[in-house]
K.L.:
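Provided herewith is a single structure, encoded as structure tokens, for subsequent inquiry.
Here is the naming used below: chain letters follow the sequence lines, and residue numbers restart at 1 for every chain. Since this is a predicted model, take the numbers as computed values, not measurements. Basis for what follows: all heavy atoms, side chains included, without hydrogens, waters or symmetry-related copies.
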There are 2 protein chains.
Amino acid sequence: MIDDDATPPNVTLEEIARAAGVSPSTVSRILNGTARVLPAKQKAVEQAIARFNYRPNVLARGLASGKTDTIGVLTQTVSSPFYAEWLRGIEDGLSETGYTALFVSSRWSIKDEMARLEQFIARRVDGMILLHAQLDEASLIDYSRHAPLLVLGRSVQNSASLASLPLDNLQGARDATRHLIDQGHRRIAFIAGPPNHEDAIERLDGYRMALEEAGIAFDAELVEQGDYLETGGVAAMERLFARGSSFSAVFCSNDQSAYGARLTIFHRGLRVPEDISLVGFDDLPTSSYMTPPLTTVRQPTYEIGRLAAQGIVQMIRKQPIALKTIPLTLVIRETTRRWAPASTAKARRTSR
Amino acid sequence: MIDDDATPPNVTLEEIARAAGVSPSTVSRILNGTARVLPAKQKAVEQAIARFNYRPNVLARGLASGKTDTIGVLTQTVSSPFYAEWLRGIEDGLSETGYTALFVSSRWSIKDEMARLEQFIARRVDGMILLHAQLDEASLIDYSRHAPLLVLGRSVQNSASLASLPLDNLQGARDATRHLIDQGHRRIAFIAGPPNHEDAIERLDGYRMALEEAGIAFDAELVEQGDYLETGGVAAMERLFARGSSFSAVFCSNDQSAYGARLTIFHRGLRVPEDISLVGFDDLPTSSYMTPPLTTVRQPTYEIGRLAAQGIVQMIRKQPIALKTIPLTLVIRETTRRWAPASTAKARRTSR
DNA sequence: TTGTAGGCGTTATCAT
DNA sequence: ATGATAACGCCTACAA
């Protein structure tokens, strides 16, 4: 009988060795370029490998060598457009190094986060990259004892095996708010992010700071709670309208909130930016295709991802790395415009 | 000297056994629930595990057992909003089964696709899910000999280790086009997807079929090539305008193209849907937040992801599975409206 | 340069 | 019920 439908007869290094008439170690050496081998044998082995379609068993290799050439990457949500670019950057950055990324998400749950990190360790990843880790610093230090750890979008005490690459959310939010102020806006509403997110708090702080610097009193009436999601933006915007406070601009703590706010404004029959200026935060890929294109604070996530990939590899190789806080830049598009105090919130000119 | 900064002294099963005063096999049995063990020993082992913070080495386990509890998931681009929901569905679907997903992307390159699958096999994944695999069927069959393979968004000859879950793109495109026709549109432009994508072709076919059924002659002048990306939508729309042919609606082969088209229309000073009706395909999460919310064909990617997760697990367990083609549903929102033949492409009423 | 042998941390097959 | 013991597939001194 022929084993047609049977489980694949996975070829092993030993069989290759036998087929090529050499010892297993020689095959291993050729595979890893660990030592020079006679051209003749080299060729024989390569042919055998090709003929049998041999692929080294990663598990066995990892067990024996103690390295897996794998980087664990923890995101909060794989499906978020925000993380997507980050992952792409990491993947691209890693592709040239021989490491493979293992993406998982923890759904903003600290418990999941721990479970995922445990998994990474159980899988013996060579390094880990955490996007917006929520874990306390002590835990991070603890995990970093198993493999180098790089935390993005957050600042922690760095060491040889633990590094962080903070983003200047405060500065970004400040710039965005200042831009609105420069355009003549005085009543600027703010849709906040989750109150327990460090970066959301920083963005609120940046907003307040810019107001203060411009001598504009902070008005709690103009601040509404969002959740970094579109639905939260919709709800917050509705509450803002319902409250009746006047405002000529809205600064949203992230683009997704801005999408939601924009929808509410649209359904309200108001125009952006003629009636209300709108600013987001993140610069998601689709933000430049919003109608009109969204003015927002750009986080160079793709580039950060690449940097992180390089960084973690350097850490694994025990090379020193220097990460400096990344500046965020305001991207002015078409949802903001100069505010003439005389204007009312009513439509005045024919829209395009 | 104390090894403070040293590599973690990874605890092994053997050490746990020693600490608990039992044999390694007993620990293993407790870990896997393979056999009943005396409560006393059970407890001793559990305490040792907790005390040493022991985590089984996944690699060793995989080597010995031949299973890795890992599912390889191949996407074309991790960063695409389109795949994001799919991944989330898969992750959620898998979370209850004890399997972990290994996400990788092949960037629409067949070469990369093969390389990724080889990696999966080298890592000894227990099963694979491919989103929009481009590989020819023979290769798929070949790979499926190593581990069960589930192909999404495509139809292949099914077997015990190879299954597919096709999506009815043709029907979806037909419904969308018919919707426009029902609204009185006769001159309906089409922005196509990559000519080498099976689903893009099916969508074009659906468009043509609906036209034909309605007795409307197909006009090549109204079809422009896109690339499934926003930029392609922008360019295609511009070419459509430049050509000068009249049309009252545009059907885009995917939402991202629609975003691009919508931007061009906006910059052109025309309104949606007053001047031009617009329909997309996919129903990305952000599409309901477009201004105005986009009418589109919904692919239940999240649900499909969950189904796929369950499906692959069943295949691994050698349970029979039955996958039927998934219908796509038209979601009518605010970018389409009835077309009055008398209208011209000029603005007529004041926009909101 | 090349081969031999031991070990990596589990699981699984036997006995007991 | 529990404990030896042999794989699992590869790497790496060590020896030749």
K.L.:
Walking along DNA chain D from 5' to 3', note the first and the last nucleotide with an atom under 4.0 Å from a heavy atom of chain B, and give both.
P.N.:
D:dA1 to D:dG9

K.L.:
If we ignore angles and hydrogens, is there a donor and acceptor under 3.5 Å between the side chains of B:Thr77 and B:Ser79?
P.N.:
no

K.L.:
Tell me which donor-acceptor pairs under 3.5 Å the side chains of residues 36-47 of chain B have, and how far apart each pair is, sequence neighbours excluded?
P.N.:
residue, atom, partner, partner atom, Å
B:Gln42, NE2, B:Glu46, OE2, 2.8

K.L.:
Between A:Arg88 and A:Glu303 (salt bridge meaning N to carboxylate O under 4.0 Å), is one present in this structure?
P.N.:
no

K.L.:
At the 4.0 Å heavy-atom cut-off to chain B, mark where contacts on DNA chain C begin and end, going 5' to 3'.
P.N.:
C:dG9 to C:dA12

K.L.:
Going by the rule side-chain contact (heavy atoms from CB on, under 4.5 Å), which residues pair with A:Asp112 if we only count those two or more places apart in sequence or in a different chain?
P.N.:
A:Ser106, A:Arg107, A:Ser109

K.L.:
In terms of the nearest nucleotide of DNA chain C, which residue is placed more toward the 5' end: A:Arg36 or A:Pro24?
P.N.:
A:Arg36

K.L.:
Salt bridge or not between A:Glu15 and A:Arg18? Use side-chain N to carboxylate O under 4.0 Å.
P.N.:
no

K.L.:
By ring pair (Phe, Tyr, Trp, His ring centres under 6.0 Å), which residues pair with A:Phe82, not counting sequence neighbours?
P.N.:
A:Trp86, A:His132

K.L.:
Ion pair present between B:Glu91 and B:Arg306, side-chain N to carboxylate O less than 4.0 angstrom?
P.N.:
no

K.L.:
Classify A:Thr26 by what it touches in the nucleic acid, base, sugar-phosphate, or nothing, heavy-atom distance under 4.0 Å.
P.N.:
sugar-phosphate

K.L.:
By the 4.0 Å heavy-atom rule, please label A:Pro56 as base, sugar-phosphate, or nothing.
P.N.:
sugar-phosphate

K.L.:
Using a distance-only test with no angle check, is there a side-chain donor-acceptor pair under 3.5 angstrom linking B:Asn10 and B:Tyr54?
P.N.:
no

K.L.:
So does A:Ile121 get a backbone contact from the side chain of A:Arg124, meaning a donor-acceptor N/O pair under 3.5 Å?
P.N.:
yes

K.L.:
Categorize A:Ser25 for me: base, sugar-phosphate, or nothing, with a 4.0 angstrom heavy-atom threshold over every strand shown.
P.N.:
base

K.L.:
Output yes when A:Glu118 and A:Arg123 qualify as a salt bridge under the 4.0 Å nitrogen-oxygen rule, no when they do not.
P.N.:
no

K.L.:
Taking five pairs at each end of the helix from C:dT1-D:dA16 to C:dT16-D:dA1, what angle separates the two helix axes (nearest 10°)?
P.N.:
40°

